[in-house]
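I have placed the structure first, in the form of C-alpha cells, so that the comments after it can refer back to it.
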Amino acid sequence: ASNFRFDHIKSSVLGDAVQGKENERYSKATHREMISDHIQLHHILNNFEYRVGVMGLFLPNQGAFEWLPGAEISYQLGHHLWSASVNKAFRMPTFTDLYYKSATNIGNPDLQPESAWDYEISYQYQSPVLYAQVSYFQKDASDLIDWVRPATATIWETVNRTELTTQGVEARITSPIHAYLHWENQLELSLGYAWLNQDKNQEENMVSRYALDYIKNQFTAQLSLEPIKNLRWTTQYQFFDREKLPENQLATGQQNYSSYALLNSKLQYRFKQWTFFAEGRNLLDKEYQDFIGLPQAGIYFSGGFTVQLGK
C-alpha cells in the first residue's frame with residue numbers, strides 16, 4: 001500500500017522566515033513530504049509462521065530514499081510459542097529539533113533522520129489457567145537525534161552524532177485465580193517486570209539531556225475482581241527505578257531522581273452498550289516525573305462513561 005504524508009507548520013518560532021510576514025503573528029513556516037510503499041510476504045507452514053517485508057521511503061525535501069526491511073518467524077507447539085524478529089526503524093527530526101531557538105536551546109535545520117535496527121526474541125506459554133511471556137530485545141540506533149552541550153557550556157544544541165544501544169528484558173505472568181478456585185466470579189492476578197539498559201557512544205566531555213533519562217527497572221502487580229456480573233474492580237501497583245546519571249552529568253548540576261511507586265484503582269460497570277467508570281490515580285500521592293523536568297500530578301480522581309453505538 002502506498003502512503004503520502006504532508007506536514008506543514010506556521011509558527012512564530014519554528015520554520016524559515018516568510019518574506020513579507022515579518023510583522024505578523026506567524027512569521028515563519030516550513031513543510032515536508034514523505035512518500036512510502038511496502039510489500040509483505042506472509043506464509044504458514046505446519047507449525048511455522050513467517051513474515052518478510054520491506055518498506056521504501058522517499059523524502060522529496062532531502063532527495064533521500066530509505067529501505068526499511070523486516071522479518072519475523074514463529075513456531076508454535078501446543079501451549080508454547082517461540083518467535084524472533086528483526087526490523088529497521090526510521091525517525092524524522094521534529095520541527096522543534098530542527099528550528100527551536102531560545103536563550104538555552106538551539107535547533108539544527110541540517111539534522112538528518114535517525115535510524116535503528118530492532119531485534120527481539122520471545123517465548124510465550126498460554127493455557128486456560130496461565131499465561132506467561134518473556135522477551136529480550138535490542139535496538140542499535142545510529143545518527144540518534146539528541147540535545148547535547150559541552151560540560152562547561154549552558155546552551156543545548158541538537159546533533160546526530162550519538163550512537164545508542166538499548167537492551168531490555170520484559171516478563172509477564174497472568175493467572176485467572178478463579179479457575180484454580182472454581183469460582184464463578186472472575187479474579188485475575190498479573191505480575192510484570194521490565195529491565196532496560198542503554199550504552200551510548202558519545203564524546204566524554206559532552207552532556208546529554210535526554211538519551212540517558214529512562215526507567216531502569218519497572219515492576220507491576222495488578223489484581224482484577226468481578227464481584228458481580230458486569231462490575232469490575234482493578235487495582236494496580238507500579239514501582240519505577242530510574243537510571244542513575246553518569247558522573248560527568250552530575251558534575252554539571254544535573255541530579256538523580258529517587259525511585260517511586262504508584263497505586264491506581266478503577267471501578268467500572270457495563271450495562272448494555274454503556275460503560276460507567278470511576279478511577280483514582282497516584283493514590284499514594286507521590287511526587288514523581290515521567291520525564292526529567294516534567295512533574296506529574298498528585299492524587300486525583302476521575303469518572304465518566306462510554307457508549308458503543310451500533311449495537
Side-chain angles (χ1 to χ4, degrees), residues 2-37 55-68 88-118 139-166 198 200-214 245 248-249 252-255 289-296:
S2 299
N3 293 281
F4 174 77
R5 175 174 172 174
F6 177 78
D7 296 329
H8 183 269
I9 186 172
K10 289 183 177 181
S11 172
S12 59
V13 177
L14 306 179
D16 300 313
V18 180
Q19 188 175 3
K21 303 288 186 179
E22 293 83 358
N23 298 321
E24 296 188 12
R25 182 177 180 182
Y26 302 116
S27 59
K28 297 185 178 182
T30 190
H31 71 276
R32 63 187 178 193
E33 300 88 23
M34 183 183 302
I35 304 170
S36 64
D37 202 347
M55 173 181 287
L57 192 63
F58 177 58
L59 309 172
N61 296 76
Q62 287 83 15
F65 188 88
E66 287 284 338
W67 289 106
L68 304 177
K88 187 179 181 182
F90 183 87
R91 187 180 81 86
M92 293 287 291
T94 66
F95 289 131
T96 300
D97 294 330
L98 293 167
Y99 296 106
Y100 185 73
K101 289 185 180 181
S102 70
T104 57
N105 301 276
I106 299 178
N108 180 1
D110 296 322
L111 283 176
Q112 298 301 307
E114 65 181 37
S115 62
W117 282 96
D118 296 320
K139 172 181 284 189
D140 295 326
S142 59
D143 290 330
L144 187 72
I145 299 168
D146 193 14
W147 290 81
V148 302
R149 63 176 172 84
T152 57
T154 58
I155 297 179
W156 300 91
E157 299 183 49
T158 46
V159 296
N160 280 111
R161 68 169 65 113
T162 306
E163 293 183 357
L164 182 69
T165 297
T166 302
Q198 292 185 344
K200 185 173 64 170
N201 180 15
Q202 183 179 285
E203 299 174 27
E204 188 172 340
N205 64 339
M206 299 299 290
V207 178
S208 167
R209 172 178 282 179
Y210 299 120
L212 292 179
D213 172 24
Y214 65 95
L245 295 175
N248 69 317
Q249 296 201 203
T252 65
Q254 293 180 282
Q255 61 176 310
Q289 300 184 17
D290 273 346
F291 298 96
I292 298 300
L294 297 176
Q296 301 300 300

- Note on the structure: In terms of heavy-atom contacts, His8 and Ala29 come closest through NE2-CB, 4.5 Å
- Taken in chain and number order and not counting sequence neighbours, the residues that satisfy side chain to side chain contact (heavy atoms under 4.5 Å, CB included) with Ile9 are Ser11, Leu14, Thr30, Phe95
- Item | Partner set under ring-ring contact (aromatic ring centres under 6.0 Å, His included) for Phe6, not counting sequence neighbours | His31
- Query: Nearest heavy-atom pair of Pro60 and Ile35: which atoms, and what distance?
  - Reply: CG-CD1, 4.3 Å
- Identify, with sequence neighbours excluded, every residue that meets side chain to side chain contact (heavy atoms under 4.5 Å, CB included) alongside Lys28. none
- Message: Just to verify, what does Gln112 make a side-chain hydrogen bond (donor to acceptor under 3.5 Å, both in side chains) with, not counting sequence neighbours?
- Response: none
- Item | Non-hydrogen side-chain atoms of Glu33 and Asn61 separated by less than 4.5 Å | yes
- Message: For the CG atom of Leu98 and the CE atom of Met92, what is their distance to the nearest 0.5 Å?
- Response: 7.5 Å
- Correct closest heavy-atom pair for Tyr99 and Pro109 would be CE2-CB, 4.1 Å
- Note on the structure: For Ser102, the side chain to side chain contact (heavy atoms under 4.5 Å, CB included) test, sequence neighbours excluded, returns Tyr100, Thr104, Asn105
- Would you find a donor on one side and an acceptor on the other, under 3.5 Å apart, between the side chain of Asn108 and the backbone of Asp110? yes
- Query: Rounded to the nearest 0.5 Å, what separation is found between the OG atom of Ser2 and the CG atom of Asp37?
  - Reply: 3.0 Å
- Task: Please name all residues satisfying side chain to side chain contact (heavy atoms under 4.5 Å, CB included) with Asp97, sequence neighbours left out, ordered by chain then number.
- Result: Arg91, Pro93, Thr94, Leu111, Ile145, Trp147, Thr158
- Item | pair Ile155-Ile106: side-chain heavy atoms closer than 4.5 Å | yes
- Do Met34 and Phe4 have side-chain heavy atoms sitting under 4.5 Å apart? no
- Query: Minimum heavy-atom separation for Ser142 to Glu163, with atom names?
  - Reply: CA-CG, 4.4 Å
- Query: How long is the span from the CH2 atom in Trp117 to the OG1 atom in Thr165, to the nearest 0.5 Å?
  - Reply: 14.5 Å
- Task: List for me each residue that meets salt bridge (charged side-chain N to carboxylate O under 4.0 Å, His left out) alongside Glu66, sequence neighbours excluded, and say none if there are none.
- Result: Lys88
- Query: Which pair of non-hydrogen atoms, one from Phe58 and one from Ala64, has the smallest distance, and what is that distance?
  - Reply: CD1-O, 3.3 Å
- Task: Check salt bridge (charged side-chain N to carboxylate O under 4.0 Å, His left out) between Asp7 and all other residues, then give those that pass, not counting sequence neighbours.
- Result: Arg5, Arg32
- Item | Nearest heavy-atom neighbours spanning Ala89 and Asp118 | CB-OD2, 3.7 Å
- Determine yes or no for a side-chain-to-main-chain donor-acceptor pair under 3.5 angstrom, with Asn160 supplying the side chain and Asp143 the backbone. yes
